[in-house]
Asks: 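If you scroll down you'll find the structure; I have some questions about it.
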Amino acid sequence: MARDEKRPNRPALKLHVPEPPYRPGDTPDYSNIEVPAAGEAPRPDSACDDKETIPLTTHLVRVLDDDHKAVGPWDPKLSVDVLKKIYRDMVTVRVFDDRMYRAQRQGKTSFYMKCTGEEAIAISAAAAMDSEDIHFPTYRQQGLLVYRGYPLVKMMCQIYSNAGDHMKGRQLPIMYSDKEKGFFSISGNLATQYPQAVGWAMASAIKGDSRIAMGWIGDGATAEGDFHAAMTFASVYQAPVILACVNNQWAISSFSGIAGAEQATFASRAVGYGMAGLRVDGNDVLAVYAATRWAAERARSNNGPTFIEFFTYRAEGHSTSDDPTGYRPKEESEAWPLGDPVLRLKNHLIALGEWDEDQDKGQEEELTAMVRAAQKEAEKLGVLSDQGDEGKETMFEDVYADMPWHIAEQRDAALKEGE
Amino acid sequence: MNMIQALNDAHKVAMRADEDIVVFGEDAGYFGGVFRVTEGLQQEFGKQRAFDAPISENGIAATAVGMAAYGLKPVIEIQFADYIYPAYDQIVSEVAKMRYRTAGEWTMPMVIRSPYGGGIYGGQTHSQSPESLFTHIAGLKVVVPSTPYDAKGLLLAAIEDPDPVIFFEPKRIYNGPFGGHHDQPVEAWAKRPEAEVPEGHYTVPLGKANVVREGEALTVLAYGTMVHVAKTAMEEAGIDAEILDLRTLVPLDIEAIEASVKKTGRCLIVHEAPRTSGFGAELSALVTERCFYHLEAPVERVTGWDTPYPHSYEWTYFPGPARIKKALEKVMAQ
C-alpha cells in the first residue's frame with residue numbers, strides 16, 4: 001500500500017536494481033576487473049580444512065601467464081599429449097557449434113546453443129575427471145561429450161530429432177543424455193540437475209563406490225532454490241561431489257549482477273555452507289583442469305564437496321533465439337580481459353615448441369572435414385523440418401514402463417486421426 | 001496392526017529383501033518420522049539407509065532423483081502433503097518425465113510417501129488433499145490406501161514398481177477407521193478385519209479397485225478416509241450401495257468402475273479435496289463418457305469446498321456423512 005502522507009523527516013526508501021556497466025552503444029572497458037597474475041594463488045592440500053580455501057573464493061586461480069607459460073603451484077603439469085587432446089576437442093566443439101548454428105539458420109532444426117568462449121571449461125573438467133565419474137550438466141557443456149569420445153553423428157541426430165536420436169525426438173536440441181558416457185539428461189528447468197548430482201554422489205557413498213559426481217550450473221540459475229538445496233545437502237552429508245558454477249556473465253539478457261554477483265563472488269557462497277570454494281579463470285585450460293582435479297581428489301578421499309566458480313564470458317548469444325546486441329555492446333567479448341580460451345591454449349602449445357601455425361591450419365581443416373562428414377551422415381537420417389508423422393505411435397511409449405489403458409486408448413485415437 | 005504399523009512393516013519387509021532401498025525425509029531417521037511410519041528403520045538398517053533430511057522438500061525429491069539415477073530405490077517421506085509444493089517441480093518436471101524424455105535410458109523407480117487429508121485439526125497447511133495435481137501429470141502413479149492391509153500391500157507394490165509412485169497416506173485413519181462423526185468416540189483398527197495384516201511379503205496390485213461393499217442401488221466411488229465415511233453414510237441411509245475403494249487413482253481401475261456403474265445405474269463420487277478440477281471431475285467425466293446410457297441420474301460429487309482448508313470450521317469443510325446423504329437423496333430421487 002503506497003502512503004499518500006509524506007514524511008519529510010524520513011528519507012524515501014529506494015530499491016537497488018543492478019545494471020551492467022555497459023549497454024549497447026557504450027564502449028566496454030573492463031580494466032576494473034581485477035585479474036591477478038598467473039601463479040599467484042596458493043594451492044592448499046586437497047584434504048585441507050574448507051576454511052583454508054576462503055581466500056581462494058575471491059581470488060582467481062590462474063596458471064597460464066601473459067607469455068603463454070604455465071606458472072605457479074596450480075600448474076597441473078599436463079603432458080603434451082593431454083594438452084593436444086584438449087586443444088583438439090576445443091577446436092572440434094567450436095567447429096561443431098558453427099556447423100550446428102548454421103544448420104539451425106538453414107531451418108534444419110529448431111534451436112541451438114553455442115558455448116563459444118567457454119570451451120575450456122567442459123573439456124578441461126572432463127579431462128580432470130575419471131571416465132567413470134558422472135556429470136549432471138546444464139546446456140553449455142557439449143565439451144563433456146566430445147572429450148569422452150561421444151560420436152558427433154549421435155549428437156547431431158539428437159539436434160535434428162531424427163531416427164538416430166535415441167531419445168525419440170522428445171527433447172529440445174542440445175539436451176543430450178547418455179548413461180554409458182556418464183552424461184545425465186539435461187532439463188529445461190534450470191538448476192534441477194544440481195541437487196540431483198548431490199543425490200547421485202550420496203548414492204555412490206551409500207554403496208561404498210569410488211565414483212564421484214559433478215554438477216553444473218550457470219551463474220543466473222544460482223538464484224534458484226535448487227541451488228541452495230544442492231549446497232545444503234552436499235555440505236550436510238559431505239557428499240563426494242563437485243559443484244561447478246559457470247559464471248559466463250549473462251543469463252540471457254540479465255547480467256550476473258541480477259543473480260547477486262555485485263554483492264559477492266559466486267565462489268564465496270561456498271563459505272557459508274562450510275564447503276571448500278575456488279574461483280577459477282575459466283578461460284585458462286590449465287587452471288580449470290587443476291581446480292577440477294583438486295576438487296575430485298578431495299571428493300574421492302572423503303574430504304567433502306567443493307564449489308567452483310569458473311569465471312568466463314559467453315561470447316555468443318544465449319541461443320539461436322537470442323540477439324545479444326539488444327542488451328550489451330558488440331565489442332564486449334573482445335574487451336573481456338581473460339581472452340579466448342582456444343587461442344590461449346594454442347599459444348601455450350606454440351610456446352612449448354609443440355605446435356605451429358601450419359599444424360594448426362591442418363588440424364582445423366581436418367576437424368572441419370570431420371564435422372562436415374558427420375553432418376552429412378546425420379542428415380541421411382533426416383532433419384527436424386522434414387519429419388513427418390511416421391512412427392507417431394512412439395509418442396505414447398515410455399510414459400510408464402507398461403502402457404496403461406488410458407494412454408493406449410489415446411494412442412489408438414491418435415493413430416486414427418487423419419484416416 | 002494399525003496403518004502406521006502396517007506401513008512400517010512394509011518398509012522393513014522391502015528393506016530386508018533389497019539393500020538398494022533407502023529411506024529419508026524430515027525427521028524420518030532417528031525418530032522415525034512425526035507419525036512414526038519409519039520408526040526403527042535407522043536402528044535396523046543403519047544411517048546409510050535411513051536418515052534425516054534437511055527441511056528442503058525439493059532437496060529431498062531432487063537427491064532422490066540422483067539416487068534413482070545411480071540405481072538405488074529411494075522411498076522418501078514428505079512430512080505433510082501440504083509441504084509437497086516446494087518439491088513440485090522436481091516431481092513433475094524431473095521424476096515424472098525422466099523415463100519419457102530419455103526413452104527409458106534413465107528411469108525413476110521411487111516412492112514419494114506423504115500423509116494427506118483433513119479431520120485432524122491441522123489447519124490449512126496440514127490438511128490438504130493434493131492428489132489431483134499429480135494425477136494430472138503423465139509419468140506418475142498415484143496411490144491412496146484406506147486400510148492397514150491395503151497400506152502394506154500397496155506400499156510394497158509401489159516400492160517394487162518400476163515407475164515413480166506418489167503414495168498418499170490418509171493420516172486421519174492412521175490409527176483407526178473414521179466414519180466422519182468427529183463427536184463420537186475414536187475407533188481403533190484392532191477389531192477390524194482389515195487390520196489383520198499378514199506377516200512377510202504380499203502385494204496389493206496397483207490399478208485394482210476394491211469392492212468394499214456390494215450393492216445394487218448405486219455406485220459410490222471413494223478413496224482414503226472417504227471410503228469409511230461413505231460406508232457410514234450408506235449404512236445410516238440404509239441403502240443398498242456398492243462402494244468401490246479406488247486404491248489407485250493412476251492407473252485407474254476403469255473396468256471395475258464401468259462394471260459397477262452399469263450394474264447400478266447411479267454414481268456418487270466422494271473425496272476430501274476441493275471440487276473444482278478435483279479427481280472427482282475426472283471420475284465424473286469418465287463415468288459419463290462410458291456409462292451415459294446406463295445412468296438413471298446425473299453423476300453427483302461430494303467434495304471439500306473450493307476454499308483453503310479452515311481450522312475452526314474444519315467440520316463444516318470436511319465432507320461428512322450428512323453431506324453424503326444429502327447428495328445421495330439427489331442421486332436416488334431421479
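Every chain is numbered from 1 and lettered A, B, ... according to where its sequence line falls, protein lines coming before strand lines.
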Asks: Quick check on B/Ala53 against chain A: is it the side chain, the backbone, both or neither that has a heavy atom closer than 4.5 Å?
Replies: both
Asks: Hey, is NZ on B/Lys262 packed in by over 12 heavy atoms from elsewhere, all under 6.0 Å?
Replies: yes
Asks: Quick one: are A/Tyr237 and B/Thr63 in side-chain contact, heavy atoms under 4.5 Å?
Replies: no
Asks: With a 4.5 Å limit on heavy-atom distance, are the side chains of A/Phe184 and B/Glu105 in contact?
Replies: no
Asks: Write down the atom of B/Thr102, the atom of A/Ser185, and the distance for their closest heavy-atom approach.
Replies: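 Heavy-atom minimum between the residues: CG2-CB, 3.4 Å.
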Asks: Take a 6.0 Å sphere around CG of A/Asp209 and say whether it holds more than 12 heavy atoms from other residues, nucleotides or ligands.
Replies: yes
Asks: Counting C-beta onward and ignoring hydrogens, is there a side-chain heavy-atom pair between B/Arg99 and A/Val399 closer than 4.5 Å?
Replies: no
Asks: Can a donor-acceptor pair be found, under 3.5 Å and without considering hydrogens, that links the side chain of B/Asp163 to the backbone of A/Ala401?
Replies: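 Checked: pair present.
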Asks: Rounded to the nearest 0.5 Å, what separates atom CD in A/Gln171 from atom OH in B/Tyr100?
Replies: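 Separation between the atoms: 10.5 Å.
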Asks: Using only heavy-atom distances, determine whether the side chains of A/Gln196 and B/Gln90 contain a donor-acceptor pair under 3.5 Å.
Replies: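 Present: a donor and an acceptor within the cut-off.
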Asks: What residue in B/Thr107, B/Leu286, B/Ile60 has the most heavy-atom pairs under 4.5 Å with chain A?
Replies: B/Ile60
Asks: Counting only non-hydrogen atoms closer than 4.5 Å, does A/Met231 touch chain B with its backbone (N, CA, C, O), its side chain (CB onward), both, or neither?
Replies: neither
Asks: Are A/Met202 and B/Met67 packed together at the side-chain level, in the sense that at least one heavy-atom pair is separated by less than 4.5 angstrom?
Replies: yes
Asks: Is it the side chain or the backbone of A/Asp178 that comes within 4.5 Å of chain B heavy atoms, both, or neither?
Replies: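 Both backbone and side chain.
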Asks: Determine, step by step, whether B/Tyr70 and A/Arg211 satisfy the side chain to side chain contact (heavy atoms under 4.5 Å, CB included) criterion, reporting the C-alpha distance in whole Å, the side-chain angles of both residues, the deciding distance to 0.1 Å, and the verdict.
Replies: CA-CA 11 Å; B/Tyr70 179 92; A/Arg211 293 173 294 164; 3.6 Å; yes
Asks: Mind checking the CD-NZ spacing from B/Gln48 to A/Lys207? Nearest 0.5 Å is all I need.
Replies: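 Interatomic distance, B/Gln48 CD to A/Lys207 NZ, rounded to 0.5 Å: 10.5 Å.
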Asks: Restricting to non-hydrogen atoms, name the atom on A/Asn189 and the atom on B/Ser93 that form the minimum distance, rounded to 0.1 Å.
Replies: ND2-OG, 3.0 Å
Asks: Considering all heavy atoms of both residues, which atom of A/Ile134 and which atom of B/Trp106 are nearest to each other, and what is their separation?
Replies: CD1-CH2, 3.8 Å
Asks: Rounded to the nearest 0.5 Å, what separates atom CZ in B/Arg101 from atom OG in A/Ser177?
Replies: 8.0 Å
Asks: Determine whether B/Pro164 and A/Tyr400 make a side-chain contact, defined as any pair of heavy atoms from C-beta on separated by less than 4.5 Å.
Replies: no
Asks: Without swapping roles, check the side chain of A/Trp200 against the backbone of B/Val65 for a donor-acceptor pair under 3.5 Å.
Replies: no
